[in-house]
Student: 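Quick one: the structure is below, questions incoming.
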Amino acid sequence: MTETPTEPRSRWSPWTLHGDGRSVTPGDVVHPGERLSWPRTVGVGVQHVVAMFGATFTVPLITGFPPATTLFFSGVGTLLFLLVTGNRLPSYLGSSFAFIAPVLAAKADGGIGPALGGIVVAGVALAAVGLVVQLAGARWIDALMPPVVTGAIVALIGLNLAPVAWDGGGSGTGVKAQPLIAVLTLAAILLATVAFRGFAARLSILLGVAVGWLIAAALGGLDPKAVDGLRRAAWVGLPEFHAPSFSLRATVLVIPVILVLIAENAGHVKAVAAMTGRNLDRDMGRAFLGDGLATMLAGSGGGSGTTTYAENIGVMAATRVYSTAAYWVAGLAAVLLGLSPKFGALILTVPAGVLGGATTALYGLIAVLGARIWIENRVDFHDPVNLMTAAVALIVGAANYTLTSGELSFNGIALGTAAALVTYHGMRLVARLRAPTPSS
């Protein structure tokens with residue numbers, strides 16, 4: 001049976017319809033410039049919202065930023081990112097965990113204002129890097145970050161997030177808090193993946209979270225305070241905005257975060273390229289620029305700094321739908337939900353075990369995508385340089401090695417990325433220097 005020909009783009013839409021718009025044939029993918037039917041696209045977009053909200057809400061809860069404001073700016077930032085990248089890079093911009101430590105340190109002395117100022121400066125710096133990369137070209141990216149390095153970075157991001165699935169990274173809000181609910185949620189996701197066919201199977205994360213929430217409600221696993229807050233919350237209301245202020249100390253604390261944002265954006269672009277079979281290096285600078293502008297905007301109004309979200313890579317890997325139309329749906333939904341205190345209160349009712357079960361699958365998919373990059377690029381692990389590059393980077397990232405210098409702190413993602421780059425290029429340099437010169 002032949003697939004219905006892809007319809008041309010209309011003057012009103014930047015996306016072509018994938019096949020008949022109802023299904024994705026085995027082994028095929030829905031590319032960024034394509035879409036499924038709008039009801040199915042909305043379904044995928046909602047799943048992206050579900051995938052991001054746990055982490056996006058966790059960061060402001062830890063740092064003391066208003067969650068609804070962060071959700072609002074994550075949606076606005078996502079739409080801005082899609083515009084800057086010309087609808088070629090499917091990505092959701094959620095709260096970056098890399099900002100937590102420096103923001104807490106910056107708030108300790110001056111409150112939320114200087115912390116927001118540091119976020120704004122970090123956004124400006126990342127946007128400047130994006131302009132340089134876009135103007136200078138992206139050829140050097142392959143030399144700087146060959147497949148063994150990019151695969152390691154993607155994999156270590158997933159492994160670094162593993163403790164968040166277990167206990168919220170030390171906050172006790174993951175699988176550890178409600179193991180039975182977490183296991184049942186994960187089981188629901190796995191069963192939905194194989195028990196359903198077609199589009200329903202591609203919404204396995206969303207279905208699993210819904211089932212997990214219902215199970216938690218039946219077992220008395222919902223937080224009574226959160227449920228009471230849901231009852232009292234208004235349906236419509238503006239989020240709580242804050243203005244930034246600027247100090248050298250806060251800027252010095254926050255600015256190193258751009259190293260992590262560069263690694264996360266580069267890893268995201270490489271992961272999407274691997275999954276879609278397309279070279280997206282030409283859009284790397286636009287990705288940096290889009291995330292930088294979104295971070296600037298968030299810091300200007302009281303939101304957390306943003307980054308391309310690993311959780312949504314997991315959703316794309318599970319659904320094989322990379323349509324940017326779904327991300328427009330997700331971004332618009334986040335903006336609207338950020339204007340609804342009722343939704344923010346509903347999010348707070350999702351139990352820790354449900355999030356733990358869902359993120360167990362999502363973070364694992366991210367780690368496996370790193371291995372997929374190695375396989376599809378036929379990385380030779382008989383080569384000791386490749387072997388040691390991956391080995392060192394993965395352990396640094398998975399163990400969350402942390403380096404502190406005064407009040408500056410670098411975690412496993414930043415150090416793991418640095419370890420991959422230094423190990424690969426350092427060993428290659430030594431190997432070239434010791435290579436015997438041809439006899440004259």
Side-chain angles (χ1 to χ4, degrees), residues 51 54-55 58-59 62 94-101 145-177 179 182 186 256-257 259-268 270-271 274 307-314 317 352 355-375 377 379 381 383-404 409-427:
T58 297
V59 174
I62 293 173
S95 304
S96 173
F97 278 78
F99 281 98
I100 292 176
M145 302 176 68
V148 65
V149 172
T150 55
I153 292 173
V154 173
L156 71 85
I157 289 173
L159 295 174
N160 182 266
L161 290 169
V164 177
W166 171 241
D167 68 350
S171 63
T173 58
V175 174
K176 186 177 181 179
L186 179 59
V257 170
L259 296 175
V260 180
L261 300 182
I262 288 172
E264 289 176 337
N265 276 274
H268 183 96
K270 291 290 187 179
T307 187
T308 48
Y309 244 34
E311 287 84 347
N312 298 91
I313 294 180
L355 292 177
T359 53
T360 295
L362 288 173
Y363 297 161
L365 284 170
I366 298 163
V368 172
L369 281 176
R372 178 177 173 179
I373 292 175
W374 294 332
I375 293 171
N377 287 277
V379 174
F381 282 108
D383 183 340
V385 175
N386 291 337
L387 187 64
M388 294 303 292
T389 296
V392 172
L394 289 181
I395 293 300
V396 172
N400 197 32
Y401 283 24
T402 303
L403 176 64
T404 302
S409 181
F410 302 91
N411 71 355
I413 294 177
L415 295 179
T417 299
L421 292 168
V422 172
T423 301
Y424 179 82
H425 292 289
M427 292 183 72

Student: Where is the tightest heavy-atom contact between Trp374 and Gly151, given as atom of each residue plus distance?
Tutor: NE1-CA, 3.4 Å

Student: What closest approach, in Å, do Leu261 and Ser96 show between heavy atoms, and which atom pair accounts for it?
Tutor: CD2-OG, 3.7 Å

Student: Are Leu156 and Val396 packed together at the side-chain level, in the sense that at least one heavy-atom pair is separated by less than 4.5 angstrom?
Tutor: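 In short, these two side chains do not touch, never coming nearer than 4.5 Å.
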
Student: Looking at every non-hydrogen atom in both residues, tell me the closest pair between Leu415 and Tyr401 and how far apart they are.
Tutor: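 Minimum heavy-atom separation between Leu415 and Tyr401: CD1-O, 3.3 Å.
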
Student: Please say whether more than 12 non-hydrogen atoms of neighbouring residues, nucleotides or ligands are located less than 6.0 Å from CG in Leu421.
Tutor: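 Yes, because the 6.0 Å sphere around CG of Leu421 holds more than 12 heavy atoms from other groups.
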
Student: Identify the two heavy atoms, one from Ala419 and one from Ala393, that lie closest to each other, and give their separation to 0.1 Å.
Tutor: CB-CA, 4.4 Å

Student: I'd like to check the side-chain hydrogen bond (donor to acceptor under 3.5 Å, both in side chains) partners of Thr307; sequence neighbours left out, ordered by chain and number.
Tutor: Glu264

Student: Which pairs, with at least one residue in residues 383-402 and sequence neighbours excluded, count as a salt bridge (charged side-chain N to carboxylate O under 4.0 Å, His left out)?
Tutor: Asp383-Arg428

Student: Check side-chain contact (heavy atoms from CB on, under 4.5 Å) between Ala182 and all other residues, then give those that pass, not counting sequence neighbours.
Tutor: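 side-chain contact (heavy atoms from CB on, under 4.5 Å) check on Ala182 returns Val175.
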
Student: Check for a donor-acceptor pair, side chain of Thr150 on one end and backbone N or O of Pro147 on the other, with a separation under 3.5 Å.
Tutor: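 At least one qualifying donor-acceptor pair exists.
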
Student: Quick one: side-chain hydrogen bond (donor to acceptor under 3.5 Å, both in side chains) partners of Asn312, sequence neighbours excluded?
Tutor: His48

Student: Output all residues satisfying side-chain contact (heavy atoms from CB on, under 4.5 Å) with Ala155, sequence neighbours left out; order by chain, then residue number.
Tutor: Leu394

Student: Please collect all side-chain hydrogen bond (donor to acceptor under 3.5 Å, both in side chains) contacts where either partner lies in residues 388-400, sequence neighbours excluded, each pair once.
Tutor: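 Checked against side-chain hydrogen bond (donor to acceptor under 3.5 Å, both in side chains) - neighbours excluded - the pairs reaching residues 388-400 are Asn160-Asn400.
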
Student: Out of Leu387, Asn386, Val149, which one pairs with Val379 under the side-chain contact (heavy atoms from CB on, under 4.5 Å) rule?
Tutor: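 In the set Leu387, Asn386, Val149, the residue that makes a side-chain contact (heavy atoms from CB on, under 4.5 Å) with Val379 is Asn386.
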
Student: Looking at every non-hydrogen atom in both residues, tell me the closest pair between Ser95 and Tyr309 and how far apart they are.
Tutor: O-OH, 2.6 Å

Student: OG1/Thr308 to CG/Asn265 distance, rounded to the nearest 0.5 angstrom?
Tutor: 4.0 Å

Student: Which atom names give the shortest non-hydrogen contact between Leu159 and Pro163, and what distance separates them?
Tutor: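 Nearest pair, atom of Leu159 first, then Pro163: O-CD, 3.8 Å.
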
Student: Among residues at least two apart in sequence or on other chains, which ones pass side-chain contact (heavy atoms from CB on, under 4.5 Å) with Ala274?
Tutor: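 side-chain contact (heavy atoms from CB on, under 4.5 Å) list for Ala274, sorted by chain: Ile373, Glu376.
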
Student: Report the residues that fulfil side-chain contact (heavy atoms from CB on, under 4.5 Å) with Ile313, sequence neighbours left out, ordered by chain and then residue number.
Tutor: His268, Ala271, Met275, Met316, Leu369

